[in-house]
Protein chains: 4
Amino acid sequence: MALLQKSIDKRTALLKATLCLVNSGGVQSASMAKVAKMANVSPATIYLYFDSKQDLVNQLYLDVKTSFAASAFKEYCPKAEVKTNFEKIWLAMATYKLTNKEEASFLSQSDNTPMIDEATRQEGLKQMQPLFDLWTQGQKEGLIKDISPYLLYAYSIYPIAFLMNMECRGICPLDKKVIAKAFEAAWDSISLK
Amino acid sequence: MALLQKSIDKRTALLKATLCLVNSGGVQSASMAKVAKMANVSPATIYLYFDSKQDLVNQLYLDVKTSFAASAFKEYCPKAEVKTNFEKIWLAMATYKLTNKEEASFLSQSDNTPMIDEATRQEGLKQMQPLFDLWTQGQKEGLIKDISPYLLYAYSIYPIAFLMNMECRGICPLDKKVIAKAFEAAWDSISLK
Amino acid sequence: MALLQKSIDKRTALLKATLCLVNSGGVQSASMAKVAKMANVSPATIYLYFDSKQDLVNQLYLDVKTSFAASAFKEYCPKAEVKTNFEKIWLAMATYKLTNKEEASFLSQSDNTPMIDEATRQEGLKQMQPLFDLWTQGQKEGLIKDISPYLLYAYSIYPIAFLMNMECRGICPLDKKVIAKAFEAAWDSISLK
Amino acid sequence: MALLQKSIDKRTALLKATLCLVNSGGVQSASMAKVAKMANVSPATIYLYFDSKQDLVNQLYLDVKTSFAASAFKEYCPKAEVKTNFEKIWLAMATYKLTNKEEASFLSQSDNTPMIDEATRQEGLKQMQPLFDLWTQGQKEGLIKDISPYLLYAYSIYPIAFLMNMECRGICPLDKKVIAKAFEAAWDSISLK
DNA sequence: CATGAATGAGATTTCATTCAT
DNA sequence: AATGAATGAAATCTCATTCAT
């Protein structure tokens, strides 16, 4: 058990190191040697936890995406109203991205780069299922536009990533007011009327 | 003249090869050797046209961004109405991205990856100036929400990239109907009322 | 222990290979690939022991200079007479250069070439301190001309390198008689009377 | 004739550029491209004047050695006394090295480095013939020690190079007094009594 | 379980040289 | 005579991965 604990710590340290390095210089700058050094282990040790660099990055992606989804849907309540639920989820997502900038930045890189396996990406997408369900419900109730969930995602969720990037680069600070305006825009783009 | 022409051809071939390789596997997989081979020149020749790999990628970014902007603003007419102009620009952008998928895919990668110099990125941003001007005008006329241009961009322009990615991966085909719906969502997100 | 021993062996083999290659064709002809092959390791292995080619050459310089100084001053005895001491040192130096031609040849190259860092060169110079001290003592005792140590070095020590070069090129063989004459010339150039 | 003149200028410019570059970073840093640029010609032009890089360096060596010898023996008068003649030559050499530091530095590099062909080096050595003749004369007259000319050279001429190097590195400035002391040491090392 | 050492393959970049003009 | 463009070969250095311990 002590050993297992230790192992989990190392796995976590390795993922954390990878996250940090990929963020600051892309996948190419996250060499296994640097990852190992930052996680205070030997390069060889990485291969006890991951099959390859590709596997390391994929697992990181899944881990982060899962933690992102967990945060997003924590307060999701199937019985509540659609808009209320959407707002909760949207805010939770925005909050997660503001609070966990490294993770957010990594996800936005992964989404636009061939660095993650297609299969893994699909796996990550499944985590968003509750949101898709909510939209279907909203469409049935005539609250949300009857368009493809990809459009809904593109207009109501995806923009958050752009705003995050701007914030991280110091170009556009995100305070509560801006967040509120952003949510408004998100809702306006997908809601009927 | 013959010499100069030849040179321009090679430069173009090199940029084209880089574009193609970066798209299929990220910057890291676009090795100078592969780029050279695909452009049918010796690796050493690349350095007659570009200072370094970084310079090659930066110049590609600027070239593509410039061609994108040229297409986007081709029919922009300062005297026309704001919404008409915005629609023209938006459609031109969408058309460009649908017609030049490689370029579009490259731009979306560049925007979320540390592969382009910050300075070069800023340079590229300037190309979007006419759009910013249009928004300012729209805000004065009370047609467009009084929010930061970054928000406007995030909600009305940035989503196009997401839709492109989905189309490229065969997940969400973009026909005229979807495009129309997308524009609607874009306009709804930023317009007043 | 086994590991450490092995490491020292490899470091030594790499330095030895570099020495040999630099001697036969200058720094430029001592490519990392050739050094690696001659030391029976992979090129990558070199970088486990040295930071860069520059570092490799610098360390070689320091190693050789140190071993040279060790030989030179082995029998140096502060209590003995100045001339006796000088003769011992001078002969030890000449003997070292005759016995270790590769090292001697390398040192004479280093001293006239921009291949060694200035800092490293200074470091190497410190090894000659006992000789400088001896000269100072000799000057106090009125045995040695009251001139800059650089002049003393130029006339009594530096010429050995020239003779070595000639010997190596088969131009001027150095037997005991010649050595004796050479020492005489050295002493005549720096001694008073 | 105009053409010939032009050619000589270019040859000179190329040699000058090579001299400068070899001095500041060794042969390896004097790439043909850099030499061409510094001489304001195309790389291809170099090959109209020299067969190869090796040939370029060899010819530079011979040119410099010849100009050095010309200066050294300008005032040499077979009828004058040995010591007078030697002093004239020695001073002319020292003066040349002080006045033409670039050339001097290059010569001292060439003499200790495998960068010059052995054949070319021999060729250069011939230029020193008048000095060897003078020594022979001096030995006959019982003024100069009866030792190999290589010893004589090593002790009376070679040290100048060392002093030059020190001066160039700012370690040991050479004023008239030091020069006088240096000559004294030179003469003491080779003269009888 | 953990590692330091080792490496073959490959990355970016430079170089001496040639050739069409 | 002169050149700018081009290049194959090679230089330095890095990397993902393995293996003996």
Side-chain angles (χ1 to χ4, degrees), chain A residues 2-4 6-7 10 27-37 40-57, chain B residues 1-4 6-7 10-11 27-36 40-56, chain C residues 1-4 6-7 10-11 27-36 40-56, chain D residues 2-4 6-7 10-11 27-37 40-56:
Chain A
L3 279 180
L4 186 62
K6 196 181 183 187
S7 293
K10 271 188 188 156
V27 215
Q28 62 182 325
S29 92
S31 74
M32 297 302 257
K34 280 196 218 160
V35 168
K37 182 168 286 179
N40 276 114
V41 298
S42 155
T45 303
I46 304 184
Y47 291 86
L48 297 176
Y49 296 89
F50 305 95
D51 289 342
S52 64
K53 185 175 179 179
Q54 185 60 237
D55 182 42
L56 168 62
V57 175
Chain B
M1 185 136 76
L3 276 183
L4 188 62
K6 201 176 183 185
S7 293
K10 270 190 188 149
R11 201 190 101 101
V27 218
Q28 63 178 328
S29 94
S31 74
M32 297 305 255
K34 281 196 218 161
V35 169
N40 275 113
V41 298
S42 154
T45 303
I46 304 184
Y47 293 85
L48 296 179
Y49 297 89
F50 306 95
D51 289 341
S52 63
K53 186 176 179 178
Q54 185 60 236
D55 183 44
L56 169 61
Chain C
M1 185 136 77
L3 275 182
L4 188 59
K6 198 176 182 186
S7 293
K10 268 188 191 152
R11 202 191 101 101
V27 217
Q28 63 179 329
S29 93
S31 73
M32 298 305 255
K34 281 196 218 161
V35 169
N40 274 114
V41 298
S42 155
T45 302
I46 304 183
Y47 293 88
L48 294 179
Y49 296 89
F50 305 96
D51 288 342
S52 63
K53 186 177 178 177
Q54 185 60 238
D55 183 43
L56 169 62
Chain D
L3 276 181
L4 186 61
K6 195 180 181 186
S7 293
K10 271 189 188 155
R11 202 190 99 100
V27 215
Q28 61 180 329
S29 93
S31 73
M32 298 302 257
K34 279 195 219 160
V35 169
K37 182 168 286 180
N40 276 114
V41 299
S42 156
T45 302
I46 304 183
Y47 291 86
L48 298 176
Y49 296 88
F50 305 95
D51 288 342
S52 63
K53 185 175 179 180
Q54 185 61 238
D55 182 43
L56 168 62

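So you know, we letter chains A, B, ... as the sequences are listed, proteins then strands, and number each from 1.
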- Report the C-alpha distance between D/K10 and D/L48 in whole Å, list the side-chain angles of each, state the deciding distance to 0.1 Å, and finish with yes or no for side chain to side chain contact (heavy atoms under 4.5 Å, CB included). CA-CA 10 Å; D/K10 271 189 188 155; D/L48 298 176; over 6 Å; no
- For the atom pair OG1 (C/T45) and CZ (C/R11), what is the distance rounded to the nearest 0.5 Å? 15.0 Å
- Query: Are D/V35 and D/K53 side-chain neighbours, meaning at least one heavy-atom pair lies under 4.5 Å?
  - Reply: no
- Query: Which dot-bracket string describes DNA chain E (Watson-Crick N1-N3 plus N6-O4 or O6-N4, or G-U N1-O2 and O6-N3, all under 3.5 Å; [ ] crossing; | other strand)?
  - Reply: .||||||||||||||||||||
- From CG of A/D51 across to P of F/dT18 the rounded distance in Å is 10 Å
- Any donor-acceptor pair under 3.5 Å from D/K37 side chain to D/M32 backbone: no
- For D/K37 and E/dT14, what is the distance between atoms NZ and C1' respectively, to the nearest whole Å? 13 Å
- Please determine, for the side chain of A/S31, which listed nucleotide (E/dA6, F/dA16, E/dT13) has the closest atom? F/dA16
- Could you state the NZ-C1' distance from C/K10 to E/dA6, rounded to the nearest angstrom? 6 Å
- Query: How do A/A30 and C/A33 order along DNA chain F: which one's closest nucleotide is nearer the 5' end?
  - Reply: C/A33
- Of residues 40-48 of chain C, the positions that come close to DNA chain E - non-hydrogen atoms, cut-off under 4.0 Å: C/V41, C/S42, C/A44, C/T45, C/L48
- Task: Round to the nearest Å and state the distance from D/Y49 atom OH to E/dA16 atom P.
- Result: 20 Å
- Rounding to a whole Å, what distance do you find between B/Q28:CD and F/dC15:C1'? 11 Å
- Item | Rounded distance (Å) that lies between atom P of E/dT13 and atom NZ of B/K53 | 8 Å
- Which nucleotide sits closest to the side chain of B/S52: E/dT13, F/dA5, E/dT17? E/dT13
- Item | Listed partners of B/D55 passing side chain to side chain contact (heavy atoms under 4.5 Å, CB included), at least two apart | B/F50, B/D51, B/S52, B/Q59
- What pair of heavy atoms forms the shortest contact from D/S42 to D/A36, and how long is it? C-CB, 3.8 Å
- Between atom CZ in D/F50 and atom P in E/dT17, what is the gap in whole Å? 13 Å
- Task: Please list, chain by chain and in numerical order, all residues satisfying side chain to side chain contact (heavy atoms under 4.5 Å, CB included) with A/K34, sequence neighbours excluded.
- Result: A/L21, A/S29, A/S31
- Query: Contact class for D/M32 (heavy atom, under 4.0 Å): base, sugar-phosphate, or nothing?
  - Reply: base
